[in-house]
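Each remark here refers to the structure printed beneath this line.
Order of the sequence lines fixes the chain letters, A, B, ..., with proteins taken first and strands second; residue numbering starts at 1 for each chain. In this text, all values refer to a predicted model and were calculated from it rather than measured experimentally.
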There are 2 protein chains.
Amino acid sequence: MSAYVNVVNINGVGTVSAVQGENYHHGDLRRALIDAALAALAENGPGTLSLRGLARAAGVSATAVYRHFANKEDLLAAIATEGFEGLSASMQQRLEREPGAGRLRRLVILGEGYVDYAIAHPAHYRLMFGPRMLARGEYPALAAAAAHSYGMLEQAVSDAITAGELPAMPEPVLSTLFWSWVHGLAMLNNDGLLARSDLPGTNELSHDFGELLANALNQFRE
Amino acid sequence: MSAYVNVVNINGVGTVSAVQGENYHHGDLRRALIDAALAALAENGPGTLSLRGLARAAGVSATAVYRHFANKEDLLAAIATEGFEGLSASMQQRLEREPGAGRLRRLVILGEGYVDYAIAHPAHYRLMFGPRMLARGEYPALAAAAAHSYGMLEQAVSDAITAGELPAMPEPVLSTLFWSWVHGLAMLNNDGLLARSDLPGTNELSHDFGELLANALNQFRE
DNA sequence: ACCTGAACACCGTTCAAGT
DNA sequence: ACCTGAACACCGTTCAAGT
């Protein structure tokens, strides 16, 4: 978790005040609560997240939470937002590791970065797509972060179509196909359903499937 | 929900006793609790399921539940088991509607039946893959029902490979690819993320994707 | 064998009050 | 501006008791 938290911490860390550490006026309770939630998600699964428990972990009364979040769903939305930021960062890092990649190869790399992140943060990833997040419209920052992640996939698909490396189908349809596949693979892995002796590891599956799908689509084009 | 409930109800209905309708000795409280849960899942989403609420709906005290289920997870496992039975039934029904279909076509039909069921019962389907169901090993009936659903996909993939209508890759890898795709498509749909003006309906997407993927894989084979 | 009622240790959330 | 404490309406679960 640590590396990714450092990435998304940038905005919060600067606002820590001088009185941090005292009981009264916590400094950055909002950040402390989110960090406590991320730690709890990483250690136990989701579902065990309670506002009262997070308040305890932050050394603060249960009702102090409501100074920083409207309710539990509001806190979960903030966590989900950071999740999509981490997802985008994971995809971006993978792209930059292989600068000269072709259009289609870039799409495969994005998929690997996507699955990498999802299986490295299973509880966090599940929360990002959990039932509580259905009302995404009420959380503009969450909607924007999710749209950015999806936009990266869309751009790569669009580029590959333009370059003639994918069949000339509508971009939204191909993007949805690709997204369904990485999302499904990540979810099944995080449910423990891919831990079978007759399957390679999910990281390798991700790579194999990416190559397979991309090449297959490429052949299909004519 | 009704049609599918009738299918899976067979075992329960026969045990309804003569005193059904009285307060004391409910008749088949176990079945009544499951049905109340299915109704609650269909009406509200998941997450709102409470044992006490189900007991209220069945007209019984909160603690009566524990005469029929060890705990909440045990009830959820029973519901998830019926879900996989419904999933298998949905796939089977689709197959029987098109008896003369070829090997590859049968696989596509299975995928359509799978997605059909998943998007017709979103809350139920989510529960089947929810975080609570990770300990599937502790519920043999659940594990068996899930294995049967997955086995239908595996059989169709295996047959298509044998018939030379899919690339000669390991069956588990191709099955996982296919499963990831239908699962991801269903989950994204049920999260409301495919309700976009630039996309066709999910039923049509399911059909398009099946044809695309099957044909693409078929081309890739040589 | 099947169900009830009281009780325990939790929740999320509200509201008045403290500094 | 930020936090606390008491209170309310819920949970899941246990245990002794009722028929």
Aromatic ring pairing A/Phe129/A/His183, orientation class (parallel under 30°, perpendicular over 60°, tilted between): tilted
The side chain of [X] lies closest to which of these nucleotides: [options]?
| X | options | result |
| --- | --- | --- |
| B/Thr63 | C/dT4, C/dC3, C/dC15 | C/dT4 |
| B/Tyr66 | C/dC3, D/dC3, D/dT13 | D/dT13 |
| A/Val60 | D/dT4, C/dC2, C/dT13 | D/dT4 |

Atom CZ of B/Arg106 with >12 non-hydrogen neighbours under 6.0 angstrom: no
With sequence neighbours excluded, residues passing side-chain contact (heavy atoms from CB on, under 4.5 Å) with B/Gln155: B/Asp159
Specify the separation, in whole Å, of atom [atom1] of [X] and atom [atom2] of [N].
| X | N | atom1 | atom2 | value |
| --- | --- | --- | --- | --- |
| A/Phe69 | D/dC2 | CZ | C1' | 15 Å |
| B/Arg67 | D/dA17 | CZ | P | 15 Å |
| A/Asp74 | C/dT13 | CG | C1' | 14 Å |
| A/Arg30 | D/dA1 | CZ | C1' | 16 Å |
| B/Asn71 | D/dT13 | CG | P | 5 Å |

Every protein N/O lying under 3.5 Å from an N/O of nucleotides 8-11 of chain D:
from: D/dC11; atom 1: OP1; to: B/Ser50; atom 2: OG; distance (Å): 3.4
from: D/dC11; atom 1: OP1; to: B/Arg56; atom 2: NH2; distance (Å): 2.9

Base-pairing string, 5' to 3', of DNA chain D - Watson-Crick or wobble, under 3.5 Å, | interstrand: ||.|||||...|||||.||
Any A/His68 side-chain N or O less than 4.0 Å from OP1/OP2 of D/dA1: no
Interatomic distance, A/Trp179 atom CH2 to B/Leu188 atom CG [nearest 0.5 angstrom]: 5.0 Å
Non-hydrogen atoms of B/Ser61 and B/Ala55 that approach each other most closely: O-CB, 3.5 Å
Side chain to side chain, A/Asp191 and A/Arg126, heavy atoms closer than 4.5 Å: yes
B/Tyr150 ring center within less than 6.0 Å of B/Phe178 ring center: no
Salt-bridge contact A/Glu82-A/Arg30 (side-chain N to carboxylate O under 4.0 Å): no
A/Leu185/A/Leu194 under side-chain contact (heavy atoms from CB on, under 4.5 Å): CA gap, chis, key distance, verdict: CA-CA 9 Å; A/Leu185 184 62; A/Leu194 302 187; 3.5 Å; yes
